[in-house]
There are 2 protein chains.
Amino acid sequence: MDAVPLGLTEPLDFDSDVPVYEQISNRIKFAIARQAYRPDTRLPSVRSLARNLVVNPNTIVRVYRDLEQEELIYSKRGVGVFVSPQADQRCRLDRLVIVEEKLREALEVARRANLNDKELEELWQRLRLQS
Amino acid sequence: MDAVPLGLTEPLDFDSDVPVYEQISNRIKFAIARQAYRPDTRLPSVRSLARNLVVNPNTIVRVYRDLEQEELIYSKRGVGVFVSPQADQRCRLDRLVIVEEKLREALEVARRANLNDKELEELWQRLRLQS
DNA sequence: GTCGCTGTTCTATAACACTAGAACAGTAAC
DNA sequence: GTTACTGTTCTAGTGTTATAGAACAGCGAC
């Protein structure tokens, strides 16, 4: 029984510079933020999520360990891992920080590339409409 | 004599997920694009650029090797490395592709984060005004 | 020729991300 | 008890990025 819902299992980008464990971590935070997983409900097991993402279980272990260190989840050996109380609020904050960081990086590159305001705004609007 | 001008020597971001050699490579492309280095003029030597960027010479070797493979530069042993003819045109194209790629990544994360149009646009405008 | 610069090519080392596989331990259902 | 899941911990190996250091070869000025 491993129906892992809600966009957690879309294929990862293994060619990305962003480490796989970070992509997974972000997805879980985003899922908690939109309350796809409510406080005190179970997240997918280490092995089932690893299977669904076609990733080594150890990678999921690392993700869950990190999230537990941030106190966003807690785990019960033999039972599963669960969303912490108030995790949703903190994930909603994290969510903005994560997107902001990516946008900052893009803007920094644009600045270095010497794009002027008009070029940048045109590019932005074009890409926005595509997605 | 190693006055390397024109933003090639600003400190790198060693904490970035983007590899150092890629950051350097992009900077050189941007510099060529804005004709800070004209076709058939010399780029900084391997060792001087390495010194200025506080990076191992082998890292610069890799950057120059990659750029030469793209035929954006050519090297003369014992003399230096030089900008290829028409490299500036191709770098101006590359420049847009590089920025577009970063913006796409940011938009993809924003989509996953479930940001709505209003939140995204507000964030964008806020960050734009900061820089 | 020497000297001092150029690019080029090695090997070795280390850190990090990720895989592979095994083993151990706790829980729940039967 | 057994079975089948849970999380946890460990060792080993791979590929990539980057550093460190040495050596070789070409060019130009003296």
Side-chain angles (χ1 to χ4, degrees), chain A residues 1-4 8 11-28 37 40-84, chain B residues 1-4 8-9 11-28 37 40-84 87:
Chain A
M1 195 69 85
D2 41 277
V4 182
L8 236 58
L12 296 163
D13 182 358
F14 292 99
D15 295 331
S16 171
D17 286 332
V18 181
V20 167
Y21 76 86
E22 193 177 324
Q23 293 181 46
I24 300 172
S25 177
N26 284 349
R27 287 194 191 184
I28 293 173
Y37 296 95
D40 293 316
T41 60
R42 259 198 73 195
L43 288 164
S45 78
V46 166
R47 289 172 181 80
S48 75
L49 186 53
R51 215 167 355 183
N52 282 307
L53 289 174
V54 195
V55 140
N56 193 281
N58 285 335
T59 304
I60 308 297
V61 167
R62 170 170 185 178
V63 171
Y64 280 169
R65 199 199 319 122
D66 291 353
L67 290 175
E68 186 161 24
Q69 211 142 12
E70 293 185 64
E71 297 183 333
L72 295 174
I73 64 177
Y74 59 92
S75 59
K76 296 184 192 170
R77 181 181 225 147
V79 184
V81 308
F82 301 83
V83 178
S84 297
Chain B
M1 195 68 85
D2 41 279
V4 182
L8 235 59
T9 58
L12 296 163
D13 181 0
F14 292 99
D15 295 331
S16 171
D17 286 333
V18 181
V20 167
Y21 76 87
E22 193 177 324
Q23 295 180 45
I24 300 172
S25 176
N26 285 348
R27 287 194 190 183
I28 294 173
Y37 296 95
D40 293 317
T41 60
R42 259 197 74 194
L43 287 164
S45 77
V46 167
R47 290 172 181 81
S48 76
L49 187 52
R51 215 169 357 193
N52 281 308
L53 289 173
V54 194
V55 139
N56 194 280
N58 285 334
T59 303
I60 307 297
V61 167
R62 170 169 188 181
V63 169
Y64 281 169
R65 200 202 313 124
D66 291 354
L67 291 174
E68 186 161 26
Q69 211 142 14
E70 293 185 64
E71 297 182 334
L72 294 174
I73 65 177
Y74 59 93
S75 60
K76 295 183 191 170
R77 182 182 226 146
V79 184
V81 307
F82 301 84
V83 178
S84 298

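By convention in this document, chain letters (A, B, ...) are assigned in the order of the sequence lines, proteins followed by strands, and residues within each chain are numbered from 1. Hydrogens, waters and symmetry mates play no part in the numbers below; they use all other heavy atoms, side chains included.
Listed by residue number, B/N56, B/N58, B/T59, B/R62 are the residues of residues 56-63 of chain B with a heavy-atom contact under 4.0 Å to DNA chain D. Contacts between residues 15-25 of chain A and DNA chain D, defined by a heavy-atom separation under 4.0 Å, are absent.
Of the two residues contacting DNA chain C, namely A/V54 and B/S75, the nearest-nucleotide position lying further toward the 5' end is that of B/S75. When each of B/V55 and A/V46 is assigned the nucleotide of DNA chain D bearing its nearest heavy atom, the one mapping closer to the 5' terminus is A/V46.
The interatomic distance linking B/F82 (CZ) with D/dC27 (P) rounds to 12 Å, in whole Å. Taking atom CZ of residue B/F14 and atom C1' of nucleotide D/dT17, one finds them 12 Å apart after rounding to whole Å. Across the protein-nucleic acid pair, A/R65 atom CZ and D/dT8 atom C1' stand 10 Å apart, rounded to whole Å. Atom P of nucleotide D/dT8 and atom CG of A/D66 are separated by 12 Å, given to the nearest angstrom. Atom CZ of A/R51 is separated from atom P of C/dG21 by 15 Å (rounded to the nearest Å).
Counting all heavy atoms, side chain and backbone alike, A/V46 lies closest to A/P57 at CG1-O, 3.7 Å. Contact record, B/P44 with B/Y64: O-OH, 2.7 Å, taken as the closest heavy-atom pair. Closest of all the heavy-atom pairs between A/R42 and A/Y37 is O-CD2, 3.7 Å. Scanning both residues, B/Q23 and B/S16, for their nearest heavy atoms gives NE2-CB, 3.7 Å.
Defined by atom type and a distance below 3.5 Å, a donor-acceptor pair is present between the side-chain atoms of B/D40 and B/Y74.
Here the CZ-CG distance, from A/F14 to A/L53, works out to 7.5 Å after rounding to the nearest 0.5 Å. A distance of 10.5 Å separates CZ in B/R62 from CD1 in B/I24, rounded to the nearest 0.5 Å. Here the CD1-OH distance, from B/I60 to B/Y21, works out to 13.5 Å after rounding to the nearest 0.5 Å. Between B/L67 atom CG and B/I73 atom CD1 the span is 4.5 Å, to the nearest 0.5 Å.
Under the 3.5 Å distance criterion, the side-chain polar atoms of B/E71 are left unmatched by any main-chain donor or acceptor of B/S84.
Between B/V55 and B/V20 the shortest side-chain heavy-atom distance falls below 4.5 Å.
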Below 3.5 Å between N/O atoms, which protein atoms pair up with nucleotides 24-30 of chain C? Just atom names and distances, please.
{"from": "C/dG26", "atom 1": "N2", "to": "A/G78", "atom 2": "O", "distance (Å)": "3.4"}

